[in-house]
Every structure is written in C-alpha cells, then in structure tokens.
Amino acid sequence: MNQPSIPKGTRDFSPEIMVKRNYIFSVIRQSFERFGYMPLETPSMENVETLTGKYGDEGDKLIFRILDSGDYLKEVSDEQLQSRNLSQITKGIAEKALRYDLTVPFARFVVMHQNKIAFPFKRYQIQPVWRADRPQKGRYREFYQCDADVVGSDSLLNEVELVQIFDEVLTKLRVPSVIKINNRKILYGIAEVAGIADRMMEMTIAIDKLDKIGESGVIEELRTREFSDESINVIKGLFEMTGDYESRLNAIAVMLRGSETGLKGVEELQSIFNDVNTLGLNDCELELDITLARGLNYYTGAIFEVKAKNVQMGSICGGGRYDDLTGIFGLKGVSGVGISFGADRIFDVMTELNVFPSGTDSTTRLLFVNFGKTEELHCMKLLREIRKAGINAEIYPEQGKLKKQFKYADDKGIPFVATIGSEEMSKGIIALKDMKSGEQKHVSLPDLIHLLKA
RNA sequence: GUGGUCGUAGCUCAGCUGGUAGAGCUCCAGAUUGUGGUUCUGGCUGUCGUGGGUUCGAGCCCCAUCGAUCACCCCA
C-alpha cells in the first residue's frame with residue numbers, strides 16, 4: 001500500500017502550528033483594521049483570462065489551471081491534439097485557474113462592483129494563493145498572503161500609511177526588518193536616459209540581482225542581454241551612489257534630469273521619506289534601494305520589499321502602486337497602492353528567531369484532572385463558570401492515571417492544571433498547579449478565575 | 001522549465017573495499033496506586049523509497065522510477 005501524501009509544496013498545519021499562524025494573522029488583521037481597511041474575500045478560482053497576462057511571461061507559466069469537468073476534450077480538435085500546441089489546447093480544456101495573488105482578483109472585484117463602492121476603497125484580504133513553482137526554502141506552492149490595498153486615491157499619504165503598517169505589524173511580531181523602497185518611475189527614467197526605455201523590464205531584472213551577484217555580475221548579465229556599452233555605463237552610475245537617501249536621491253535627480261517621469265519618481269520618494277522620517281518608525285527602517293525592481297509588471301510608482309534582519313530568507317513582504325490595474329478590466333483612471341505580508345515566510349522567520357510569545361503554545365489555559373464520576377460532575381459545574389468567564393478550559397474526558405493526565409497537559413502546552421479529588425471537593429477548593437513553575441496551591445473558584453484572566 | 005545533493009526505526013543519523021542492520025532522541029511500562037517536564041531501570045519499532053539488473057550473496061555496485069531538498073529562472 002502506498003503511504004498517503006500531499007501534493008508537492010503544500011503542507012498540513014498541525015494544531016500547534018495553527019495556534020502560532022493564527023497569532024500572526026490576528027496581529028496583521030488588527031493593524032489593517034486599525035488603519036481603516038475592511039475585510040474582503042474572493043473565490044479561490046478565477047476565470048483564466050482574469051489572471052493571464054498580469055504577471056509577466058514567467059508568471060503566466062506559474063498559474064495553476066483547473067481542468068474542466070465532464071468531457072473536457074470536446075472543444076479540442078484532433079489536429080490540435082496532434083500538433084501538441086499546448087497553449088491552444090490549454091485554452092480549450094481549462095477555463096478556471098487558482099488565484100496567483102490577491103491584487104488582481106481585488107482589481108477585478110473593484111471593476112465589477114464600481115457602482116457600489118465608496119472610493120477611496122480600502123480593503124484587506126487574507127487568503128491562500130497558489131503558484132506552480134518548484135518548491136525550495138521559503139517557497140511553497142500554496143501560501144497565504146495578507147494584503148491591504150487602497151484604490152481611488154493618488155495621495156502619497158497612502159504610501160506613508162502602508163509603511164507605518166509594515167512597521168507596526170513587524171514590530172508587534174518582533175521581526176525587526178528593513179523596508180526597501182524604490183519607484184518604478186525612477187527605473188523607467190534610468191532606462192529612458194540610457195536609451196533603452198523599451199527594454200526597461202529586462203534592465204530591472206538584471207539590476208535587481210545586485211545584492212546576489214554583485215556589480216560585475218549585473219554588468220555581465222546586461223552584456224549577455226546585449227545592451228550597448230553606453231547604456232551599461234549609464235546604469236553603472238547607479239552603483240556609485242552612496243550616502244543617505246537624500247544625497248542619493250539628489251544624485252539620481254541629476255542623472256535623470258532629462259527624464260520627466262524619472263524626476264517625478266524622485267519627487268515622490270522624497271515626499272514619502274520626509275513624511276516617514278517626521279513621523280518616525282518603531283523597529284523597522286525605511287531604506288532607499290534603487291536596484292529594487294519587483295517582477296510583477298503592473299507596478300507603476302512606489303515599490304516595496306521587506307526583508308527581515310538577521311535571517312537568511314527571501315523577502316517577507318512586498319507591495320507597490322499600480323496606476324492602471326483596473327484599467328485592464330475596463331475601469332480607467334483609478335490608481336491603487338497596496339502591500340502584502342507573506343504569512344508563511346514570516347512564520348519561518350519567527351520560528352528561526354524564536355520570537356513567538358508564550359501563550360502561542362496552546363489555546364487551552366486550564367485542564368481539570370478526572371478522578372471519576374462524582375468529581376467529574378463537580379468539575380463540569382465549575383467549568384461552566386470558568387468558561388462563562390471567558391477562559392478556555394477542558395476536563396480530561398476519562399478517569400486515568402494522574403501521570404497520564406498531567407502528561408497530556410504538558411504535551412498540549414496547557415499552562416494550568418486543576419486537581420479536585422474527594423478532599424478538595426468536600427472543602428470546596430481547587431488544587432491549582434502552574435505547570436511552568438511547578439507550584440501548586442489551593443484556591444477558590446473566584447480566585448482561580450481572577451488568576452487565569454490576568 | 002534547467003542543474004546539484006540525498007532517500008536506512010516515529011525523528012536525526014551511523015553502517016568499512018558487497019557477507020542477511022545499529023546508535024541517540026521519541027514512544028511505552030515501571031521506580032512514584034494524588035502530579036507532567038528532570039533522574040534511574042526495562043521494553044517495542046524496520047518489505048534499508050519503489051521496480052529491475054549484476055552476483056553464490058546487494059543497505060552498499062549498475063539502470064530506471066518516485067519522493068525530498070538546495071540552487072538557477074522567477075518570486076511571498
């Protein structure tokens with residue numbers, strides 16, 4: 001018999017892990033709502049046309065398609081099958097696909113419901129997305145994104161607030177991070193000045209790898225992509241910029257003086273930096289990274305990427321402004337900006353840093369030991385009061401060796417155990433043991449509730 | 001989609017130039033019939049990923065296949 005298994009790149013989440021995951025989700029959700037974002041959910045699957053063409057050629061390949069039900073070959077001719085023209089055949093047999101991110105379905109939603117929506121529209125969405133990637137460290141085929149987006153507002157105040165959300169959430173989760181920011185307009189300006197405006201995508205893919213393959217690696221990549229020496233020389237100028245964001249932005253402004261778009265990008269970043277610095281951040285830093293590109297090609301303005309400090313891991317959050325994502329679906333002139341937390345990577349980082357707070361081991365706070373029928377009923381009465389007081393509590397469902405019952409509490413990470421035998425029962429008291437310190441004392445029911453509520 | 005590494009007990013792994021498998025941890029029981037985590041004692045656990053080949057004989061060599069993992073591309 002084959003061992004049962006799950007698809008590549010997917011995972012089961014055990015109760016112990018889910019308690020911790022839910023902690024992350026709740027912190028993120030709380031901050032989103034604190035900043036005025038409202039919840040939204042969209043279907044796991046979308047029509048294929050909704051998704052294709054939004055994520056670049058590479059992205060299209062990574063979309064999971066869903067095979068049609070029934071006689072799914074009925075629309076495919078024998079000639080098409082013979083020719084093995086995959087893209088043609090795929091169209092005929094798969095009209096649905098699993099969502100690849102949350103931003104595109106959101107844009108689709110905004111367009112479909114534009115008449116019912118009050119703009120600026122702020123929504124958050126916490127749902128899984130799927131990518132047919134080959135799994136590796138920190139990369140899964142099914143993972144959760146936690147997005148907050150606002151559409152219908154051009155104001156850079158949104159960008160500033162989104163940086164504050166990054167900072168608030170990651171500070172609460174005890175994951176100090178660097179928030180890298182750049183602007184697509186600047187990248188476009190560079191391409192323009194270098195005379196390669198039409199090949200901006202290629203250029204950004206190359207310079208995005210700077211921290212991975214170094215300056216010489218980037219230049220080599222540009223060469224193999226057959227960029228001219230003049231263009232490469234212009235791009236090289238980027239690597240020579242040093243100092244704080246102000247001096248670097250000034251240097252870029254000089255470099256981009258021939259590009260109106262590029263200068264607009266510089267101006268935007270200056271504004272965002274000024275505001276963020278005036279307001280201040282907690283445990284995160286905002287850092288200008290001119291080489292930051294981001295692959296999703298719908299971004300047009302500010303782009304974000306967040307990396308946890310002191311951990312070897314890809315980016316844990318991303319985001320950016322997209323001026324015309326809704327335009328693709330027929331609603332022009334509505335700009336949006338949003339961010340995304342990668343909950344699975346944040347989980348991995350928190351595990352590595354060991355920063356989960358106590359209380360994320362178990363949802364149960366108190367276990368009653370079971371001594372038999374009479375005591376059982378007595379405990380059940382107390383449990384009603386304890387649960388009414390909002391404390392998560394349970395009783396071991398059968399009489400058994402104390403060793404076994406205490407071990408159960410220990411395995412489950414339950415912090416308190418109440419023991420009520422005949423003696424306690426007759427005196428109307430509870431023997432309460434703190435499993436962490438090992439201390440045990442007799443308390444009354446109100447005392448116990450008071451103690452566990454704290 | 002391309003390339004590398006690895007599959008032996010529930011987990012982490014050892015196993016010499018081929019001679020029919022072992023350690024630690026976990027788990028279970030007892031020491032302790034009203035107390036977990038620490039300590040001590042005892043015990044269970046394997047189609048050596050799968051299929052084929054070479055050989056008197058394969059965990060070890062060869063081929064295939066599946067799975068895991070890391071890197072590239074790309075990305076949370």
Side-chain angles (χ1 to χ4, degrees), chain A residues 1-9 11 24 28 55-63 86 100-103 126-147 177 201-202 204-206 208-209 212-213 217 221 292-297 303-308 312-320 338-349 361 367-372 375 396 399-425 431-440 442:
Chain A
M1 279 296 106
N2 288 348
Q3 290 279 315
S5 63
I6 55 175
K8 198 195 292 263
R11 296 149 301 156
I24 295 173
I28 293 172
Y55 310 109
D57 291 342
E58 287 296 324
D60 277 2
K61 286 185 206 152
L62 300 180
I63 294 171
L86 289 185
Y100 180 90
D101 72 354
L102 301 177
T103 311
I126 298 178
Q127 289 188 273
V129 303
W130 294 268
R131 296 187 186 175
D133 223 345
R134 200 178 273 204
Q136 55 181 277
K137 184 172 179 171
R139 180 181 293 191
Y140 308 100
R141 292 184 132 184
E142 176 184 62
F143 60 99
Y144 271 72
Q145 288 195 330
C146 313
D147 278 32
S177 303
M201 264 307 286
E202 268 186 276
T204 55
I205 286 171
D208 190 41
K209 294 178 191 163
K212 212 176 225 170
I213 58 180
E221 168 131 6
L292 176 62
R294 294 192 52 76
L296 301 182
N297 56 11
I303 42 181
F304 303 106
E305 194 160 290
V306 180
K307 285 204 143 189
Q312 191 61 39
M313 175 73 71
S315 53
I316 54 174
C317 311
I339 56 173
S340 177
F341 289 84
D344 303 82
R345 284 195 180 170
I346 290 173
F347 180 94
D348 291 350
V349 167
D361 292 328
L367 173 79
F368 274 88
V369 166
N370 192 325
F371 270 98
E375 293 87 349
Y396 196 84
Q399 189 178 356
K401 284 190 176 146
L402 283 199
K403 186 184 171 85
K404 197 173 173 186
Q405 300 193 41
F406 270 84
K407 190 165 157 35
Y408 172 80
D410 196 48
D411 287 345
K412 260 186 91 167
I414 299 172
F416 293 96
V417 175
T419 309
I420 301 180
S422 52
E423 199 183 325
E424 285 87 356
M425 221 177 111
L432 182 68
K433 180 163 181 173
D434 179 331
M435 293 296 278
K436 200 169 175 193
S437 67
E439 282 168 35
Q440 181 165 307
H442 284 117

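Below, read A as the first sequence line, B as the second, and so on, with proteins coming before strands; counting in each chain starts at 1.
Residue A/Ile6 is the one, among A/Lys212 and A/Ile6, whose nearest nucleotide of RNA chain B lies closer to the 5' end (criterion: closest heavy atom).
Nucleotide B/rG42 forms a Watson-Crick or G-U wobble pair with B/rC28, both donor-acceptor distances falling under 3.5 Å. Using Watson-Crick or G-U wobble geometry with both donor-acceptor distances under 3.5 Å, B/rA21 finds no partner in any strand shown. A 3.5 Å limit on both hydrogen-bonding distances identifies B/rA68 as the Watson-Crick or G-U partner of B/rU5.
Residue contacts shown for A/Lys137 are limited to sugar-phosphate atoms, with no base heavy atom under 4.0 Å away. Residue A/Glu305 is out of contact with every strand shown, counting any heavy-atom pair closer than 4.0 Å. A/Glu423 comes within contact range of at least one nucleobase, with a heavy-atom separation under 4.0 Å. Within the nucleic acid shown, A/Ser315 comes within 4.0 Å of sugar-phosphate atoms alone, with no base atom in reach, counting heavy atoms only.
B/rG34 has no base stacking with the ring of A/Phe371 when judged by centroids under 5.5 angstrom apart and an interplanar angle below 30°.
One can place CD1 of A/Ile303 at 11 Å from P of B/rC75, the figure rounded to the nearest angstrom. Note: CD1 (A/Ile346) to C1' (B/rA76) measures 9 Å, nearest angstrom.
One cannot find a donor-acceptor pair under 3.5 Å joining the base of B/rC72 and the side-chain atoms of A/Arg134.
Across the C1' atoms, B/rU38 and B/rU12 are found 22 Å apart, a figure rounded to whole Å. Here the separation of B/rC16 from B/rC72, taken at their P atoms, is 34 Å to the nearest Å. Between B/rG19 and B/rC25, the distance separating the two C1' atoms is 31 Å to the nearest Å. For the C1' atoms, the distance from B/rA9 to B/rC27 is 12 Å, rounded to whole Å. Taking atom P in both B/rA71 and B/rC28, the straight-line distance is 37 Å, to the nearest Å. Here, B/rG52 and B/rU47 have their C1' atoms 16 Å apart, quoted to the whole Å.
Side-chain N/O atoms of A/Lys404 include none lying less than 4.0 angstrom from OP1 or OP2 on B/rU35. An OP1 or OP2 oxygen of B/rC66 is reached within less than 4.0 angstrom by no side-chain nitrogen or oxygen of A/Lys8. OP1 or OP2 of B/rA71 sits under 4.0 Å from a side-chain N or O of A/Gln136. The shortest distance between the side-chain N/O atoms of A/Lys401 and the OP1/OP2 oxygens of B/rG30 is below 4.0 Å.
Salt bridge present: A/Asp411 and A/Lys407 bring a charged side-chain N and a carboxylate O closer than 4.0 Å.
Of all nucleotides listed (B/rC75, B/rU35, B/rC73), B/rU35 comes nearest to the side chain of A/Thr419.
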